[in-house]
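Reading through the structure tokens given below for one structure.
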Protein chains: 2
Amino acid sequence: MREFKRKARVILIDDNADHLRGVKELITLESSFDVVGATTSANLGINLIKKHRPEIVLMDINMPEKDGLQAIQEIEKLNFGVKVIALSGYDDADLIFRAMKLGAKGYVLKTMASAQLIYAMDEVASGKIYLPSALTSRFFEYFQNSFKNEAETSSEENLLSYLTSREEEVLDLLTQGNNYKGIANKLFISETTVKTHVNNIFQKLQVNDRTQAVLYALNNGFANKRRAKLAI
Amino acid sequence: MREFKRKARVILIDDNADHLRGVKELITLESSFDVVGATTSANLGINLIKKHRPEIVLMDINMPEKDGLQAIQEIEKLNFGVKVIALSGYDDADLIFRAMKLGAKGYVLKTMASAQLIYAMDEVASGKIYLPSALTSRFFEYFQNSFKNEAETSSEENLLSYLTSREEEVLDLLTQGNNYKGIANKLFISETTVKTHVNNIFQKLQVNDRTQAVLYALNNGFANKRRAKLAI
DNA sequence: CGTTTTCTAAATCCATAGATTTAGAACAAT
DNA sequence: ATTGTTCTAAATCTATGGATTTAGAAAACG
């Protein structure tokens, strides 16, 4: 249990001074977290984080001055392993999505009961990710919608399936920005052979040049994982 | 409350006949759902769905014969508004991610208490998305990890920022698979002017040809939303 | 006002890309 | 055994792509 460990440190960042004070009091009185910093400025907050290296940061993301989302991104870039919980007044799907995408470990509405905030902090402190179920639902609607097109196009007849395995290899190298010579060298075959393969690829994908072939490949699920680094 | 509505219909698909029978009994006895179909075959299940148009489908995704994920995709393609809940023996992050990506409205482990399955069905039937919090956590770890690179590279110095607005237009057309002539026609400028722009783009992006320029653009946040359809 | 940037354009030249045809070898399928 | 597919390769030809230089007009900046 956590009583035996050192109290986890928390830094609060909220441009609303009243809310900041309220949350600070709440945490101090009703939880076993240690508030080591509280500020209304995102920039000051980041400095506090650098100084104190807290386990948890409660970050208001509805700040006008500096965008809270941007602040989350900067905190993540520090790579301190700080766990950021986004605090927001809105259950907007796009906000939730962007906050989670940037690495927030939780998203809590300001209107939620104080016990839920403490619970979220406990969960996040123990390494989990916490999203209230209503927000999880919102998130997934957004998430699934953003993948809808991709799913549809990927289920259409995919011309990529007509490629032979060697042609797939060649196309893979094309999607890394190689020219004929580069491909020939990498596959230990002659340049003219590569040309033959590439021409066959064009026919099968019904495109006119390598750029279109590469675009077709990327738009149709080719090389989804190994989002290739350019071979420049 | 749901008592006043017609009982929501459910179809069960699970290649394990024993488990299938157990779940059917459970739902019949302990919930207000109406099991209108149960089969061990994904293909038969899809036919049942076409016939009965159920509100809910419980789909085992650990089937050897036909992949359950593929079945989900096919069901979503029908566009019947069927709400699929994935049933799985594994809390594997990649499985969860793929199931949700394909449009599953819930993901429940077979090892979970039966009450939780009923709860999930209630939630999903009422239009929400249900993921147990432990799985939500798993999902987000995977999700955030898959966006990590993107966040990092997007915060590196982006050579795209050096492009003039005209060059951005030209690059945009390049990322749609246009050649010089196509770009010239679309921008009402001469082909040689396009060549000048394109050469300047190459210099600024430090690449050697159009394919590499397009790849750089796509990998660095250019045209993120309007995931361009090819101009073939 | 002068300077710089951007957009436009042409000319030239060489390199690469792409189309097309032909063909041998290996292998799988029936 | 024969047919079909895949992978290999070359030759040839034309089209497109890319590098480089030069330059005018317009707009932006200071």
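Below, read A as the first sequence line, B as the second, and so on, with proteins coming before strands; counting in each chain starts at 1.
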5'-most by nearest nucleotide on DNA chain C - B:Thr192 or A:Lys181
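Its nucleotide being nearer the 5' end, the pick is B:Thr192.
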
From the 5' end of DNA chain C to its 3' end, which nucleotides mark the outer limits of contact with chain A, defined by a 4.0 Å heavy-atom distance cut-off (strictly under)?
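It runs C:dA17 to C:dT20.
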
What about the rings of A:Phe139 and A:Tyr107, do their centers lie closer together than 6.0 Å?
no

Qualifying salt bridge (charged side-chain N to carboxylate O under 4.0 Å, His left out) pairs, either residue in residues 190-207 of chain B, two or more places apart:
B:Glu167-B:Lys204

Any salt bridge (charged side-chain N to carboxylate O under 4.0 Å, His left out) pairs touching residues 85-96 of chain B, not counting sequence neighbours?
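Of all non-adjacent pairs touching residues 85-96 of chain B, those that pass salt bridge (charged side-chain N to carboxylate O under 4.0 Å, His left out) are B:Asp91-B:Arg138, B:Asp94-B:Arg98.
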
Check whether any side-chain N or O of A:Gln144 sits under 3.5 Å from a backbone N or O of B:Ala104 as a donor-acceptor pair, and report yes or no.
yes

Ignoring hydrogens and geometry, is there a side-chain-to-backbone donor-acceptor pair from A:Gln212 to A:Asn208 under 3.5 Å?
yes

Would you mind classifying the nucleic acid contact of B:Ser190 as base, sugar-phosphate or nothing, using non-hydrogen atoms under 4.0 angstrom?
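Sugar-phosphate only.
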
Distance check needed: [N] [atom2] versus [X] [atom1], whole Å only.
X        : N      : atom1 : atom2 : answer
B:Arg210 : D:dA15 : CZ    : P     : 17 Å
A:Asn208 : D:dT14 : CG    : C1'   : 16 Å
B:Glu191 : D:dT16 : CD    : P     : 8 Å
A:Leu187 : D:dT6  : CG    : C1'   : 15 Å

By salt bridge (charged side-chain N to carboxylate O under 4.0 Å, His left out), which residues pair with [X], not counting sequence neighbours?
X        : answer
A:Glu141 : none
A:Lys110 : A:Asp14, A:Asp60
B:Glu169 : B:Arg166

Tabulate below the donor-acceptor pairs under 3.5 Å that side-chain atoms of residues 46-54 of chain A make, not counting sequence neighbours, or state none.
unit_1, atom_1, unit_2, atom_2, d
A:His52, ND1, A:Leu48, O, 3.3

Apply side-chain hydrogen bond (donor to acceptor under 3.5 Å, both in side chains) to residues B:Ser190 and B:Thr192 and explain how you reach the verdict.
CA-CA 5 Å; B:Ser190 88; B:Thr192 56; 2.8 Å; yes

Going by the ring-ring contact (aromatic ring centres under 6.0 Å, His included) test, which pairs reach into residues 176-205 of chain A, not counting sequence neighbours?
none

With the threshold set at under 4.0 Å for non-hydrogen atoms, list the residues of residues 195-204 of chain A touching DNA chain D in residue-number order.
A:Thr196, A:His197

Within residues 163-171 of chain B, those residues having any heavy atom closer than 4.0 Å to DNA chain C are B:Thr164, B:Ser165, B:Arg166

Just report the end-to-end axis angle for the helix from C:dC1-D:dG30 to C:dT30-D:dA1, five pairs per end, to 10 degrees.
60°

At their closest point, which heavy atom of A:Thr211 faces which heavy atom of B:Leu174, and how far apart are they?
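Smallest interatomic distance, heavy atoms only, reads CG2-O, 4.0 Å.
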
Could you pull out all residues at least two apart from B:Ala134 that satisfy side-chain contact (heavy atoms from CB on, under 4.5 Å)?
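Applying side-chain contact (heavy atoms from CB on, under 4.5 Å) to B:Ala134 gives none.
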
